[in-house]
There are 2 protein chains.
Amino acid sequence: MRELAIGDLARQVGMRASALRYYESVGLLPQAARVAGRRVYPVSTVRRIALIRMAQRAGFTLAEIRQLLSADGDHGATGQWRTLAERKLPELDRSIEQLRVLRDAVAECLLCGCMNFESCRLLAPGADQDV
Amino acid sequence: MRELAIGDLARQVGMRASALRYYESVGLLPQAARVAGRRVYPVSTVRRIALIRMAQRAGFTLAEIRQLLSADGDHGATGQWRTLAERKLPELDRSIEQLRVLRDAVAECLLCGCMNFESCRLLAPGADQDV
DNA sequence: ACTTGACTTCAAGCGTGCTTGAACCCTGAG
DNA sequence: CTCAGGGTTCAAGCACGCTTGAAGTCAAGT
């Protein structure tokens, strides 16, 4: 089975069919082929959606992701993708670093016996790490 | 000057005053002291807001952050904070890992001369890394 | 006294990312 | 044949995270 109905696809990627239709409507997914009026997706779409969700977690908006993926198939706009990617790389680095700091703070805070996150010694004024 | 007006605070943290009022309204910031009806913030609020923004970037909702910070000052609910934090730690790890994968993919993709992100060899079916 | 500018509250509005509902169509099983 | 379980479109609605607008207060400067 190399093609999926929208419901199957939705199940595979853990989303609702309505979300997939929405993605198509905003150009995140290409217009799916229709068989008897119904959308039929190649299995590769699963991968594409995984990419989309990943980028979304990374803080990209759907509009940005559309550009990243060149959903419109405009391969002439390659320069645009490079530009966008180059602009986003440092942002990604920053996001990762901040997440890492937060993660470590939460982890240590759990160990240090403090009452809550804010009162934790880790985050006391002296411990400023330029966030 | 150990206290800040809402406008000053907003400038310091790079947000609009309306956002700070909103944070107060949803319990993310405690009710600020009023002087002649106007909010006055201790400088420590800058730090608190930095935490909030950090957690936000990490994918926490404002409601979750409120719990994390025990904004209501309910120090009896410490167990809740531990529970939430323990539940969130693995999520944070997962987020970081996914971000890292995305970052590396984007970086390599920029080097590999592909036309766009999706067509990149890195992300070809064979290169599946269980995202 | 008057103006300016920053503040107040409250309600309504907005952008993003979907979901839901209504009304309809198709296919396959019983 | 019929009817259940998908699917379709289109418009409206919703939750989150704020912003904007209206109408008013207050303090300082000229």
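Each chain gets a letter, A, B and so on, in the order the sequences are listed, and its residues count up from 1.
Checking side-chain atoms of B:R66 against main-chain N and O of B:V26 turns up a donor-acceptor pair under 3.5 Å. The backbone N or O of B:L28 lies less than 3.5 Å from a partner atom in the side chain of B:R48, making a donor-acceptor pair.
Atom pair B:R57:CZ and D:dG17:P shows a separation of 16 Å (rounding to whole Å applied). One can place CG of A:L9 at 16 Å from P of D:dG6, the figure rounded to the nearest angstrom.
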Sugar-phosphate or base contact per nucleotide [nucleotides 8-23 of chain C; S, B, -; heavy atom under 4.0 Å]: BB-------BBBB---

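Nearest heavy-atom pair across B:S95 and A:L99 is CB-CD1, 3.9 Å.
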In sequence, state the C-alpha distance, the side-chain angles, and the governing distance for A:E97 and A:R100, and then conclude on salt bridge (Lys or Arg N to Asp or Glu O under 4.0 Å). CA-CA 5 Å; A:E97 182 53 18; A:R100 219 190 38 68; 2.9 Å; yes

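Looking at heavy atoms from C-beta onward, B:L62 lies in side-chain contact with B:Y22 at the 4.5 angstrom threshold.
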